[in-house]
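Note sheet for the following structure.
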Amino acid sequence: MSKKLRDVTISERPNLLGINSTDQAALQTGLSLDMADHMIENAISTFALPMGVAENFVINGRTVPIPMVVEEPSVVAACGFAAKLVRGGGGFTASSTEPIMIGQIQVLDLADLAAATANIQQASPHLLNWLNTQNPSTISKHAKAIDLEIRHIPIHTAQPSAPTPQFLIVHVLYHCGDAMGANLINTACEALAPKIEQLTGGRVNLRILSNLNDRRMASATCNVPITALTTLQMDGLTLAHRIVEASLFAENDPYRATTHNKGVMNGIDAVVLATGNDWRAVEAAAHAYAARNGQYASMTRWRISADQTVLHGEINLPMAVGIVGGATRVHPSAQVALRLMGVHTARELAEVIVCVGLAQNLAAIRALAAEGIQRGHMSLHARQVAIAAGASGANIDRIAEQLIAEKQVRLERAQTLLANLAFKMQN
Ligand code: MEV
C-alpha cells in the first residue's frame with residue numbers, strides 16, 4: 001500500500017507528492033520581504049500559516065491533491081477523510097459557468113429615465129466594441145466585455161412625501177478568462193462612465209464590480225455509498241438520515257446555516273488562500289448568495305437516494321477566483337499550489353474549490369451527527385498545547401496523549417509534564 005502523507009515527516013511530504021526541487025525551494029522561501037514590500041503599504045514582515053495537503057480527492061475522474069492554508073486543527077484531516085468517503089462513490093462531479101463578472105455603474109439625476117435607458121441600449125454594441133478594441137486601458141487578453149444590462153433601483157428615502165428617486169444601474173458583464181477580474185472590470189467601469197453620462201445626461205457616482213458574482217458559478221455533486229458511513233456505533237443508513245436532518249436544519253434555520261456554512265468556508269477559504277486569491281471576495285459572494293431567497297440558508301444540501309444506497313450531496317456557489325494576476329502570480333507558494341493541483345484554468349480551480357467546500361461540510365456534519373467533533377478536535381488541540389508548552393519531536397505526542405488521558409488539556413499541565421519528562425531524561 002502506498003504511503004500516506006501522515007506516515008512521513010513534514011520534510012518528506014513534498015517528495016511523496018512529487019513536488020520537484022525548484023518548487024520545494026519556492027515553498028521553503030515563500031513570500032520574500034521584497035515581494036511583501038511591493039504587495040502592500042508599510043509592510044514590516046510576512047505572516048506565515050501552515051499549508052497542508054488533503055488527500056483522496058477525485059474530481060471529474062482525476063486525482064487532485066488539495067493544498068490548504070489554514071490555522072485550525074483537523075480541517076485538513078477531516079477534508080481528506082470526507083473525500084475518501086466520496087471517492088468510494090466515484091468521486092466528485094464538478095462543473096462551472098463561463099467566468100462572467102458584473103461591473104456596476106450608478107447613474108443619478110436623470111430627467112428622463114426611459115430615454116436614458118433607451119439611449120444606453122441603443123449604444124450598447126458600440127460601447128462594447130469600444131471597450132474591447134479601441135480603448136487602450138480596457139483591451140485585455142484575459143477579459144472581454146460581453147453585454148450591458150440596465151436595472152432601475154427604486155430608492156426608499158426617509159421622507160415619505162418626496163418622490164421616490166430611481167437609480168439607473170448599468171451592469172457591465174465581463175468574461176474574465178483566467179483572471180479574477182476585479183481590476184479589469186473596475187478599469188472598464190471607470191472608462192465607460194463619461195460615455196454613460198453623455199448618453200444619459202445624468203451623473204455617474206460609483207463605478208465598481210459587484211462581488212455578488214452570480215453569473216460566475218461553480219457546482220459540485222457527490223454520492224457517498226451508505227455502507228461507507230457505517231461506524232462502530234451506528235449503521236450507515238441511520239447516520240445518513242442524521243446527516244440529512246443536519247442538512248434540513250441548516251436549510252431552514254439561519255442560526256444553524258451560519259455555522260454550517262462556516263464549516264463549508266473552512267475548506268473553501270483554505271484553498272482560496274493557498275492559491276493567493278481574494279478570500280474576502282469569495283466569502284462575500286458565498287454568503288450573499290446563501291441569502292438570495294430572502295433568508296440566509298445553507299450552501300449545501302444532502303439527501304438519501306430513493307433506493308437508499310447513496311447519500312447525495314450538492315453545492316452551487318459564486319466563485320470568483322483566478323490563476324493569473326494579483327497575489328496568485330506573485331506568491332511563489334500560490335504558484336506551487338496551482339501546479340500541485342494540476343489546474344490550468346480559473347474554471348477548473350473554481351470547480352476544485354467547491355468540491356473542497358462540499359467535502360469539508362460532509363466531514364463536519366457527519367462527525368456532528370455521529371460522535372461529535374470534540375474528540376477529534378481535542379487530540380489536535382492537545383498537540384498544539386504541547387507545542388505551546390515547548391514540546392518538540394516525539395514529546396509532542398507523548399504530552400498530548402497524557403493531557404487527553406488526564407482530561408486536562410491546559411498549558412500549565414503540559415508545562416509540568418514536559419518538566420517531568422526533562423527531569424527523567426537527565427536522571
Ligand atoms: C468548525 O470550524 C466548523 C463546524 O462548526 C461546522 C459545522 O458545525 O457544520 C464544525
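Keep in mind that what you see is a predicted model, and the values were worked out from it rather than measured. Remember, it's 1-based here, ligands and their atoms both numbered in the order they're listed.
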Can you report which non-hydrogen protein atom sits closest to [atom], along with the distance?
atom: atom 1 (C) of ligand 1; value: Glu72 OE2, 3.6 Å
atom: atom 6 (C) of ligand 1; value: Thr259 O, 3.5 Å
atom: atom 10 (C) of ligand 1; value: Ile373 CD1, 3.7 Å

For Thr63, check side-chain hydrogen bond (donor to acceptor under 3.5 Å, both in side chains) against everything at least two apart and list the hits. none
Taking atom types as modelled, find out whether Ser32 and Asp34 have a side-chain donor-acceptor pair closer than 3.5 angstrom. no
Is the contact between [X] and ligand 1 made by the side chain, the backbone, both, or neither, using heavy atoms and a 4.0 Å cut-off?
X: Asn361; answer: neither
X: Arg256; answer: side chain
X: Asn266; answer: side chain

As an exercise, identify every atom of ligand 1 less than 4.0 angstrom from a heavy atom of [X].
X: His260; result: 9 (O)
X: Leu368; result: 7 (C), 8 (O), 9 (O)
X: Lys262; result: 1 (C), 2 (O)

Roughly how far, to the nearest 0.5 Å, is the CG atom of Asp214 from the CZ atom of Arg292? 9.5 Å
Using 0.5 Å steps for rounding, measure from the CZ atom of Phe92 to the CD atom of Glu351. 13.0 Å
Correct closest heavy-atom pair for Arg216 and Ala320 would be CD-CA, 4.0 Å
Is His344 atom NE2 crowded by more than 12 heavy atoms from other residues, nucleotides or ligands, each under 6.0 Å away? no
Just wondering, do Gln24 and Asn15 contact through their side chains at under 4.5 Å, heavy atoms? yes
